[in-house]
Amino acid sequence: HSLRRRQRQMCIRDSPMKETKRRKGENTMKKALSAAMAAGMTAVMLAGCGSSASSAAESTAPAESTSAAASTEAAAESVVSAPTALSFVFADGDDTFKTQMNKIVDDFNAANPDITITIEPGDGGSYSEFLKTKDSVGEFPDMMEMRDTAMYVRAGKVAPLSDDVKALFTSTVDFDGVTYTAPFSGANTMGIMYNKKYFADNGLEIPKTWDEFITLCQTIKDKGDMSPLVVGGSDVWHIGFLYDLCYANDVLESDPDFIEECYKGEKDFSDANYQKAVTDLAEVLSFAQDGWASTPDAQITTFFVNDMSAMMFSGTHMFSQINDAAPDFEYGWFAVPDRDGKVNLLGGGTAGGWALSAEAAKDPDKQAAFDAFCKYFFSSDVYGAYCEAMAAIPTTVETPKMNSSEQFQSVLDALSAADYTHLMWNQEVGNRELPPDFRNFTYKTCIEVAQGSRDVASASSELQKTWNVALQSFNPTTGLGVE
């Protein structure tokens, strides 16, 4: 969630427009990760996370100020010509993220007495629908966390980033050459968190291939003292984590343009590699705890730290939750390899991030205030504290001042050494953008396969039918539904 439910939900579509491209690319991202690793990251991760609502009245966050110096600098002179107020909305379902943002906004407001940013209650569980509702009733915020970026860009609801703000980042996603969001973290890298003591006591080793991973799961299952994996399947987006693992290994490595080819009618969901991904996902889910389909994501940490499950596959946002729930719990992290032992990880900038509404941008003072907030948020001290608390992959050219846990360092090392990196399929851009609502339908269908209520061939057929219906109103390769 701490990269939060937002990145757990990344899952939730950052669906961009046609002819979209990434700026500066993976080499720059790897340089930034190498710089981050060189910064001497050694401390234990902070904070924990859960789920609750937020309000403007709650925006006073707990103590520790890591941004006093930045606040003093920011207060040097006003960037606005008159007192300026902005409304601000983000998905607030994750307690760690909410606490971080409340504190950052409070500190920014204190450092800039002529600017008042007011946090309005968000909806962490269904944020995308929440923001659509705000727009439909005429309450679209001045600044916001943007997820369904392409939809709002096409509707003319968000403003381009200024050149000064865009220059802060190593990699952004552009829409027809224009950047609309300030990415506050790289893609939420997924991997296995494992119980170190359990592995050591039972002589279990880190797998070097997919088959070794399946054997490891079977070995733990046969022992019978805990489930190999914990899965929060009642939150359908959670299934997207393991789906992405199988889809990336079985489909993307051999055919990164699979979705585009489906739009063009050159491929379909009966494709052998796609069916292999669905089969692999069902096999992995067979190693989850009893009742996984009715377990919410918010409970998976409890299973893990209480020796009910040996492993958890999720993103770096879980580190703070684990540390908060059980500070002395010993756990490690590893990437799950493919059948050939290669590693394909989620990585790179996404189309989501902080955005300013097009309406607010008409006011030069609101534009200046938003730019000032972005520069403050992404300053080395402030952004470093945020990344440390959230286990967020930095996106900035300047290496933030942060420490890292052993687990987070393992992620950074794996990203630098990965054979492939990719975005989650619902975060893809241009001709790979998914039709609206297709993601969740796919996950629900895959759950049915895992539960035995339909076979893989039936799932492929059902997915293709739904895809064909979607193509009647949306196809980025032809421009249908895009403009």
Side-chain angles (χ1 to χ4, degrees), residues 26 30 187-194 199 203-222 227-231 238-262 267-288 292 309-315 332-348 410-411 413-426 428 432 442-443 445-447 449-450 452 455-457 459-460 463:
E26 292 179 2
K30 288 193 175 184
N188 188 18
T189 302
M190 303 285 171
I192 288 286
M193 282 141 271
Y194 68 95
F199 269 53
L204 303 175
E205 297 184 355
I206 306 302
K208 296 179 181 178
T209 66
W210 177 264
D211 290 341
E212 288 184 9
F213 173 65
I214 296 300
T215 299
L216 169 66
C217 291
Q218 188 64 56
T219 299
I220 297 171
K221 185 175 183 176
D222 291 344
S227 70
L229 290 165
V230 58
V231 171
H238 179 101
I239 297 301
F241 301 162
L242 287 167
Y243 175 92
D244 176 78
L245 171 67
C246 300
Y247 179 77
N249 287 346
D250 293 331
V251 179
L252 290 184
E253 286 185 15
S254 60
D255 188 4
D257 296 321
F258 175 73
I259 291 296
E260 180 177 355
E261 291 161 352
C262 286
K267 291 281 182 74
D268 61 37
F269 291 91
S270 66
D271 178 81
N273 286 335
Y274 187 81
Q275 291 192 340
K276 183 195 300 182
V278 176
T279 301
D280 283 351
L281 175 59
E283 182 175 24
V284 172
L285 289 173
S286 73
F287 297 114
W292 60 267
S309 299
M311 296 182 290
M312 170 197 302
F313 185 84
S314 193
W333 183 94
F334 66 81
V336 180
D338 68 10
R339 285 175 169 80
D340 297 323
K342 294 181 179 179
V343 172
N344 192 344
L345 291 173
L346 280 171
S410 296
V411 176
D413 290 343
L415 277 168
S416 290
D419 298 284
Y420 310 93
T421 59
H422 66 280
L423 292 178
M424 192 169 274
W425 75 324
N426 56 284
E428 277 287 7
R432 301 175 187 175
T442 299
Y443 297 164
T445 304
C446 288
I447 289 173
V449 174
D455 60 21
V456 173
S460 295
L463 288 171

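Each residue takes its place number in the sequence, starting with 1. Because the structure is predicted, anything quoted here is derived from the model rather than measured.
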(request) May I have the step-by-step check of side chain to side chain contact (heavy atoms under 4.5 Å, CB included) for Met190 and Val336, ending in yes or no? (result) CA-CA 9 Å; Met190 303 285 171; Val336 180; over 6 Å; no
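- Nearest approach of Phe213 to Pro207, heavy atoms of both residues: N-CB, 3.4 Å.
- You'll find the side chain of Ile206 stays beyond 4.5 Å of the side chain of Leu216, heavy atoms only.
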(request) Start with the C-alpha gap between Asp413 and Val411, add the side-chain angles, then the distance that decides, and say whether side chain to side chain contact (heavy atoms under 4.5 Å, CB included) holds. (result) CA-CA 5 Å; Asp413 290 343; Val411 176; over 6 Å; no
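- Annotation: the span from Met312 atom CE to Trp333 atom CH2 amounts to 14.0 Å, rounded to 0.5 Å.
- Scanning both residues, Arg432 and Ile259, for their nearest heavy atoms gives O-CG2, 3.7 Å.
- Annotation for Pro337 and Ala335: closest pair CD-O, 3.4 Å, computed over non-hydrogen atoms.
- Interatomic distance, Asn188 CG to Phe241 CZ, rounded to the nearest 0.5 Å: 6.5 Å.
- No donor-acceptor distance shorter than 3.5 angstrom exists from the side chain of Thr209 to the backbone of Asp340, with no hydrogens or angles considered.
- In summary, the side chains of Ser309 and Ser227 do present a donor paired with an acceptor at a separation below 3.5 Å, with no hydrogens or angles considered.
- For the pair Lys221 (side chain) and Ser286 (backbone), a donor-acceptor distance under 3.5 Å is present.
- Between Cys446 and Leu281, the closest heavy-atom pair is CB-CD2, 3.7 Å.
- Within the model, atoms CG of Asp280 and CH2 of Trp210 stand 5.0 Å from one another, a figure rounded to the nearest 0.5 Å.
- With sequence neighbours left out, the side chain to side chain donor-acceptor pair (under 3.5 Å) criterion links Gln218 to Asp222.
- With rounding to the nearest 0.5 angstrom, the CG atom of Leu346 is 4.5 Å from the CG atom of Asp244.
- Distance alone, capped at 3.5 Å, is enough to place a donor-acceptor pair between the Asp271 side chain and the Tyr274 backbone.
- Contact detail for Pro228 and Cys217: the closest heavy-atom pair is CG-O, 3.2 Å.
- Here the straight-line distance linking atom CG of Leu252 with atom CG of Leu423 works out to 10.0 Å at 0.5 Å rounding.
- Minimum heavy-atom separation, Asp419 to Lys342: OD2-CA, 3.2 Å.
- Scanning for ring-ring contact (aromatic ring centres under 6.0 Å, His included) contacts around Phe334 gives Tyr194, with sequence neighbours left out.
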(request) Output, in order, the C-alpha distance, side-chain angles, deciding distance and verdict of side chain to side chain contact (heavy atoms under 4.5 Å, CB included) for Asp338 and Asp250. (result) CA-CA 8 Å; Asp338 68 10; Asp250 293 331; over 6 Å; no
(request) Tell me, with the steps shown, if Phe287 and Val231 meet side chain to side chain contact (heavy atoms under 4.5 Å, CB included). (result) CA-CA 9 Å; Phe287 297 114; Val231 171; over 6 Å; no
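- At least one donor-acceptor pair closer than 3.5 Å links the side chain of His422 to the backbone N or O of Leu345.
- For the atom pair CG (Asn249) and CD (Glu253), the distance works out to 5.0 Å, reported to the nearest 0.5 Å.
- A parallel orientation is assigned to the rings of Tyr247 and Tyr243, their planes being inclined by less than 30° (bins at 30° and 60°).
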